[in-house]
Amino acid sequence: MNNKIHGIGMTSQRTRTRMLDRLRGQGIKDEVVLEIMGSIPRHIFVEEALAHRAYDDDALPIGYGQTISSPYTVARMSELLRAGGRLNKVLEIGTGCGYQTSVLSGLAKDVYTVERIAPLLAKAREHFRALRILNVRARHADGTMGLPETGPFDAIIMTAAATRVPPELLDQLAPGGRLVMPVGTAEQRLCLVEYDGKDFRQTQLEAVRFVPLLPGLA
Ligand code: SAH
């Protein structure tokens with residue numbers, strides 16, 4: 001790997017290791033998630049001028065009015081989705097810069113990701129190429145209804161906030177599947193849905209702040 005990907009100073013492996021210790025202190029327990037986050041150079045996903053802040057516990061701008069989620073949020077959502085096991089097929093709605101996607105690529109066999117803003121998706125694809133990530137299929141589409149033709153999925157993650165859990169997404173969960181997404185407008189909460197093959201169990205978790213889910217393509 002070259003220096004840009006590998007990182008130096010505030011973007012070095014040592015900085016990533018410090019981020020992992022902080023995440024453990026914040027309650028993240030899944031060491032598989034932590035190991036993957038320790039191996040992915042988060043700084044290449046943000047603008048160069050912000051690279052030195054990439055490992056802080058902050059959401060940062062990625063252009064087009066969108067943000068990369070904070071390391072804690074990425075770790076938390078990944079941990080909730082994985083629930084201790086290896087995932088087969090995962091759907092992400094809201095690729096953004098592709099950082100969460102890259103984390104998922106290490107936790108699942110196949111990752112499908114959907115983004116409505118074309119230039120953001122193009123950048124995310126560049127990052128997947130640079131990191132030699134081969135198990136991600138990225139599509140320029142409105143993901144509000146999921147990807148019915150590709151489901152069912154073991155896990156679905158939405159990284160933009162909706163006013164409710166779209167029922168179409170529940171139809172795309174495989175038995176034993178889990179969905180995690182922010183729900184709400186002024187006040188948002190992480191929402192976890194677990195499907196046992198018969199019933200859906202919904203749990204409201206901590207307060208979060210995400211950009212809104214928007215309709216159509218851009
Ligand atoms: N997981 C991303 C977070 C990006 S912010 C990351 O790590 O960078 C949320 C993203 O959801 C934005 O890029 C936004 O354009 C996208 N989005 C919003 N509504 C969408 C929709 N209906 N379909 C697909 N993507 C959507």
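Numbering of ligands and ligand atoms starts at 1, following listing order.
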Where's the contact between T101 and ligand 1, heavy-atom distance under 4.0 Å: side chain, backbone, both or neither? neither

Would you say Y55 and R16 are linked by a side-chain donor-acceptor pair, where the criterion is simply a distance under 3.5 Å? yes

Hey, does the Lys NZ or Arg CZ of R42 hover above the aromatic six-ring of Y99, less than 6.0 Å from the centre and inside 45° of the axis? yes

Element-labelled atoms of ligand 1 that are located less than 4.0 Å from some non-hydrogen atom of I117: 15 (O)

Numbered atoms and elements of ligand 1 in range of L120, under 4.0 angstrom, heavy atoms: 13 (O)

Basic-acidic side-chain contact under 4.0 Å: R139, E115: no

Where is the nearest protein heavy atom to atom 4 (C) of ligand 1: which residue, which atom, and how far? T67 O, 3.2 Å

What part of A141 sits under 4.0 Å from ligand 1 if we count only heavy atoms: the side chain, the backbone, both or neither? backbone

Please confirm whether E92 approaches ligand 1 to less than 4.0 Å, judged on its heavy atoms. yes

Subset of ligand 1 atoms that lie under 4.0 Å from at least one heavy atom of Q100: 1 (N), 7 (O)

Who pairs with R14 by salt bridge (charged side-chain N to carboxylate O under 4.0 Å, His left out), at least two apart in sequence or on another chain? none

Which residue and heavy atom of the protein sit nearest atom 23 (N) of ligand 1, plus the separation: G143 N, 2.8 Å

